[in-house]
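What follows is a short report on a single structure.
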Amino acid sequence: MRLTSWNINSVRLRAPLLAEIAEYTKSDIICLQETKTPDEFFPHDEIEAMGFKHRAFTGMKSYNGVAILSKYPLEDVRIEHRCENADCRHIAARVIKDGKEVFDLHNLYIPAGGYEPDPVANDKFKHKLDFVDELTEWFPANHKKSEKMVVVGDLNIAPRENDVWDHKKMLKVVSHTPVEVEKFTAFQNAMDWVDSAREFYPDDQKLYTWWSYRAKDWAAADKGRRLDHIWVTQPLKKHLKGHSVLKDARGWDRPSDHAPLTTEFDL
DNA sequence: ATGGTGGTCCTACCA
């Protein structure tokens, strides 16, 4: 089974690229963030044609929006809200293969947090920190570490030194500040989540999933950040078979600023 | 130090 996560930055605009990515990554399941599309305009026909007969999604006009596209049945779809806010940033479903649940899948889009890394001066940064805090409490309150679970998404935090192009320069930049990393780590530890990327690309290697649109030559500058993640609970760790970032997709025509990432399971 | 780009939807707002 191959599972991909991609911040698509408009599912309507980039449905053709999605088809290429689905084929290229041979994905059975694709989780999207920033679909930016109200549910009534979700591009079902194009996605059905890609072979994803099972879809769970929640969207709104212009902002946010998450979707799970699957070749396997999805059950018990849950649309969750954090921070007493109606934003479409968390959707979950049970993935069913051969009549049995293989895992409970959670697709997240954590707030980006604005520019100023100060929760007093910047409400967006406060929202981001509060959102992560809520997740840290919510998962253990609603699930057990012994469950087979997967969390994917644009978590908008690059936690490790080699998850950014320059650790020292990035310490004051939202996405890599110490307070974000501290809360991110607490969230990860709360369920003993396994970071599937770092199972295959150790901490001493640079690994990114996002490159700014504003860079003149994003590939040459390579000032990336690893903002997107695929985590699994401990019972799934032995089923991890590989991980890759489709960096090439960042260089395709009219790209998202995020590259897709794929984890392969022997499930 | 600043501004650099892109999506949505028409005016800013978000990333």
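Note: hydrogens, waters and symmetry copies are ignored here, and every other heavy atom, side chains too, is used.
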**Q.** Between B:dG3 (P) and A:K216 (NZ): distance, integer Å
**A.** 14 Å
Q | Minimum heavy-atom distance A:Q205-A:R198, with the two atoms named | A | O-NH1, 2.8 Å
Q. Any side-chain N or O of A:R12 less than 4.0 Å from the OP1 or OP2 oxygen of B:dG7?
A. no
Q) What is the distance, rounded to the nearest whole Å, between atom OH of A:Y115 and atom P of B:dC13? A) 14 Å
Q.
Ignoring hydrogens, what is the shortest heavy-atom contact between A:Y208 and A:W165? Give both atom names and the distance.
A. OH-CA, 3.0 Å
Q. What is the distance from NZ of A:K128 to P of B:dA15, rounded to the nearest Å?
A. 10 Å
Q: Please report, rounded to the nearest Å, how far the P atom of B:dT5 is from the CG atom of A:D217.
A: 14 Å
Q.
Just the rounded figure in Å: distance from P of B:dG7 to CZ of A:R214.
A. 13 Å
Q) Does A:F184 have its ring centroid less than 6.0 Å away from the ring centroid of A:W231? A) yes
Q.
Can you check the distance between B:dT5 and B:dC9, where both ends of the measurement are the P atom (answer in whole Å)?
A. 22 Å
Q | Distance between P atoms of B:dG6 and B:dT2 (Å, rounded) | A | 23 Å
Q. With respect to the phosphate group of B:dA15, does any side-chain polar atom (N or O) of A:R89 fall under 4.0 Å of OP1 or OP2?
A. yes
Q: Nearest whole angstrom, please: distance from the P of B:dC14 to the NE2 of A:H127.
A: 12 Å
Q) Does B:dC13 pair with anything, Watson-Crick or G-U wobble, both distances under 3.5 Å, and if so, with which nucleotide? A) B:dG7
Q.
Heavy-atom nearest nucleotide on DNA chain B for A:S62 versus A:E34: which residue maps closer to 5'?
A. A:S62
Q) Hey, does A:R89 have a side-chain heavy atom less than 4.5 Å from the side chain of A:F131? A) yes
Q) Which whole-number value in Å describes the distance from A:Y213 OH to B:dT8 P? A) 9 Å
Q. Which of the following nucleotides, B:dA15, B:dC9, B:dC13, is nearest to the side chain of A:K61?
A. B:dC9
Q. Think A:R14 has a side-chain N or O under 4.0 angstrom from the OP1 or OP2 of B:dG6?
A. no
Q.
Is a donor from one side chain sitting under 3.5 angstrom from an acceptor on the other, for A:R55 and A:H44?
A. yes
Q. DNA chain B: A:N7 or A:K36, which has the more 5' nearest nucleotide?
A. A:K36
Q: Write down the distance separating the C1' atoms in B:dA1 and B:dA12, rounded off to the nearest Å.
A: 25 Å
Q: Check the distance between B:dG7's C1' and A:F41's CZ and give it to me in whole angstrom.
A: 16 Å
Q | Pairwise P distance for B:dG7 and B:dG3, with rounding to whole Å | A | 22 Å
